[in-house]
Amino acid sequence: MGMNVGSESTTEDEGIVDINTTPLIDVMLVLLIMLIITIPLQTQAVSIDLPQGNPPPSTEETPVVTLVVDFDNSLTWNGQPINGEADLQAHLREIASGPEASRPEFHLQPNRLADYKTVIHVMADAQRLGVTKLGIVGQEQFADGKL
């Protein structure tokens, strides 16, 4: 609503600054009527006989490779210590080669006291060398909330 403040004289040349809401109300009523008409059509059910069945279980187990980052930032590949960056990259290249379906899963298990820099460095090397099946395991050590 507007209020005319100022002089009391009004002239014929002044424009009306109020918005005409009549077309807006008309459009909204038409949309409401269309919605009310189309809702009963959408609630009708169509019965379809779908086949029931379970897919066969996978016969092949995916091999798992575990890399442990210990509290002193030493790396262990499936229980065997890794001696340097070149050894780590050789192991990562080995699991990244071959067809995608037969590649092993790479599980990274950092200790809660390991440096963030070391863990991220291993993850970046794995990504750069093409390891696609990467998982971080051992997160239950962080569940108690203590550091």
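The number of heavy-atom neighbours closer than 6.0 Å to CG of L29, taken from other residues, nucleotides and ligands shown, is above 12.
Looking at heavy atoms from C-beta onward, V27 lies out of side-chain contact with V30 at the 4.5 angstrom threshold. By the 4.5 Å heavy-atom criterion applied to side chains, L35 and L31 are not counted as neighbours.
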Handout entry: CA sep, side-chain torsions, deciding dist, call: Q89, R128, side chain to side chain contact (heavy atoms under 4.5 Å, CB included)
Key = CA-CA 10 Å; Q89 289 185 5; R128 184 175 45 83; 3.1 Å; yes
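In this structure, L92 belongs to a hydrophobic cluster whose other members, linked by side-chain heavy atoms under 4.5 Å apart, are V65, L67, V69, L75, W77, I82, L88, I95, F106, L108, Y116, V119, I120, V122, M123, L129, V131, L134, I136.
In this structure, T38 contributes its side chain and M34 its backbone to a donor-acceptor pair below 3.5 Å. Side-chain N or O atoms of N20 include one that pairs as donor or acceptor with a backbone N or O of T22 at under 3.5 Å.
Each salt bridge (charged side-chain N to carboxylate O under 4.0 Å, His left out) pair with one or both residues in residues 81-110, not counting sequence neighbours, appears once here: E100-R103.
The CG atom of N78 sits 10.5 Å away from atom NE2 of H107, with the distance rounded to the nearest 0.5 Å.
For N111 against L113, the heavy-atom pair with the smallest separation is OD1-N, 2.9 Å.
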